[in-house]
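Scroll down for the structure; my scribbles are underneath it.
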Amino acid sequence: MAKITLRQLLDEAAEAGFGVPAFNINNMEQGLAILEAADRCDAPVILQASRGARTYARDIMLSKMMDALVEMYPHIPVCIHQDHGNNEETCLTAIRHGFTSVMMDGSLEADMKTPASYDYNVVITERVTRMAHWVGASVEGELGVLGSLETGAGEAEDGHGFEGQLGHDQLLTDPDQAVDFVSRTRVDALAIAMGTSHGAYKFSRRPDGDILAMNVIEAIHEKLPSTHLVMHGSSSVPQELQDVFNRYGGDMPQTWGVPVEEIERGIRHGVRKVNIDTDCRMAMTGQFRRVAMENPREFDPRKFMKPAMDALRDLCLDRYERFGTAGRASRIRPVPLDDMAERYRRGELDPRIEMRRAA
Ligand code: G3H
Ligand code: 13P
Ligand code: ZN
């Protein structure tokens, strides 16, 4: 079995200078497509499940399905990650179901709508990190609130994200606060806010530095060179996927996502995990629409699913190649959770902040 922790995978990525896309998963078809892409190009995988995915597919189905994918591809290291955990219970039940990594998103309160205080975020994230590390699982924290620098609004379309308006002080992660946050919480990876948001409607124009603040990533990496950074809301919303969606009866207003070149720039500055869900959804639903319009008599779901899976596989392959993930799977020997727990106990995986400052 080749399950891997997020910490080990991102340590490997940092060492070799590549990034790893984290694809959201809700069902078997997505899992098969992502693993087929990884198998074709020898890429390690991060499968991440949101709370919504766990409710949709149910914990037992989802976790056994992901375990089956791990078994089918024993040569591919697979990290199974909780996306946007809202409290201790979500994170610990994920670990109990075999996840090797959790995100404790304390940037928002447990309702996932109310922006949280810094103290709340530190306390809950540190608590989850302490518990997860006892069993060797990894933790991603988030500092700064995801939302649009253009409008000051959060995203509502996924059912999480703050309501109302926030200023740039909350929408952009502060580099000095990031140093304090990582040293106090001991997270393995840090999600940061720099103008991205979830969903298809991220930017009303091709983003420049005013609305996609890549300089914030560079400033944080400068202060925290050993910390693995995570970009959320990193779908590129490619024009060709918008065109397919609209050509076959969709009605998606023109929109812009995060250009892949900007993600590549992030990877050169400490970004190791890149969260992508919307592009995967669009790749699949565009094909559902095409098949439905081209073959109005078709009623076999597999005839819809197969081209959708092929489109998702091709998207994943592209990201594995562009982020430098391709060709890395066979070089990684996954460390078991118990051994990771021992390494945490010995302090070997503590944040390397003071050492770097002194160097
Ligand atoms: O966190 C955002 C992901 O796109 C997951 O979305 O909560 O609708 O599954 P979801
Ligand atoms: P997108 O909506 O841009 O794909 O972002 C997904 C994400 O950040 C999941 O946590
Ligand atoms: Zn996210």
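Atoms within each ligand, like the ligands themselves, are counted from 1 in listed order. By convention here, the first residue in the shown sequence is residue 1.
There is a side-chain donor-acceptor pair under 3.5 Å between N121 and T125. Side-chain contact, D188 with H133: a donor N or O sits under 3.5 Å from an acceptor N or O. Remark: the T93 side chain and the R54 side chain contain an N/O donor-acceptor pair separated by less than 3.5 Å. With 3.5 Å as the limit, one finds no donor-acceptor pair spanning the side chains of Q242 and N246.
Heavy-atom proximity to H84, at under 4.0 Å, picks out these atoms of ligand 1: 1 (O). With ligand atoms numbered from 1 in the order given, ligand 2 contributes 1 (P), 3 (O), 5 (O), 7 (C), 8 (O) to contacts under 4.0 Å with heavy atoms of G233. Of all atoms in ligand 2, listed by their number and element, those nearer than 4.0 Å to a heavy atom of K202 are 1 (P), 2 (O), 3 (O). For ligand 2, the atoms lying closer than 4.0 Å to a non-hydrogen atom of G199 are 2 (O). Interface of H84 with ligand 2, defined as ligand atoms under 4.0 Å from a residue heavy atom, comprises 10 (O). Using a 4.0 Å cut-off to heavy atoms of N24, the atoms of ligand 2 that qualify are 9 (C). The atoms of ligand 1 that sit less than 4.0 Å from any heavy atom of D277 are 3 (C), 4 (O), 5 (C), 6 (O). Of all atoms in ligand 2, numbered sequentially from 1 with element shown, those under 4.0 Å from a heavy atom of H232 are 8 (O), 10 (O).
The N/O atoms of S235, backbone and side chain alike, include one that comes under 3.5 Å of an N/O atom in ligand 2. Checking only distances, N275 does come within under 3.5 Å of ligand 2, N or O to N or O. Not one N or O of I276 is nearer than 3.5 Å to an N or O of ligand 2, by distance alone.
From D174, atom CG reaches atom NZ of K223 across 8.5 Å, with rounding to the nearest 0.5 Å.
A donor-acceptor pair is defined here as one N or O able to donate and one able to accept, closer than 3.5 Å; no such pair exists between the side chain of S101 and the backbone of T5.
Pairs engaging residues 119-131 under the salt bridge (Lys or Arg N to Asp or Glu O under 4.0 Å) rule: E88-R127, E126-R130 [sequence neighbours left out].
The side-chain heavy atoms of R186 and D350, taken from C-beta on, include a pair separated by under 4.5 Å. Counting heavy atoms from C-beta outward, L35 and V78 have side chains that approach closer than 4.5 Å.
Minimum-distance N/O/S atom of H198 relative to the Zn ion (ligand 3): NE2. For H232, the N/O/S atom at the shortest distance from the Zn ion (ligand 3) is named ND1.
Neither the backbone nor the side chain of S50 has any atom closer than 4.0 Å to an atom of ligand 2 (non-hydrogen atoms only). Contact annotation for N24 and ligand 1: only side-chain heavy atoms (C-beta onward) come within less than 4.0 Å of the ligand. Under 4.0 Å from ligand 1, not a single heavy atom of N275 appears.
A single hydrophobic cluster is seen to contain both I25 and I276, as judged by linkage of ILVMFWY side chains at heavy-atom distances under 4.5 Å, directly or through other members.
Summarising the contacts of atom 10 (P) of ligand 1 with H198, M103, R281, M112, the nearest heavy atom is found in R281. When D277, D279, V230 are checked for heavy-atom proximity to atom 4 (O) of ligand 2, D277 turns out nearest.
Residues passing the side chain to side chain donor-acceptor pair (under 3.5 Å) test with E142, sequence neighbours excluded: S107.
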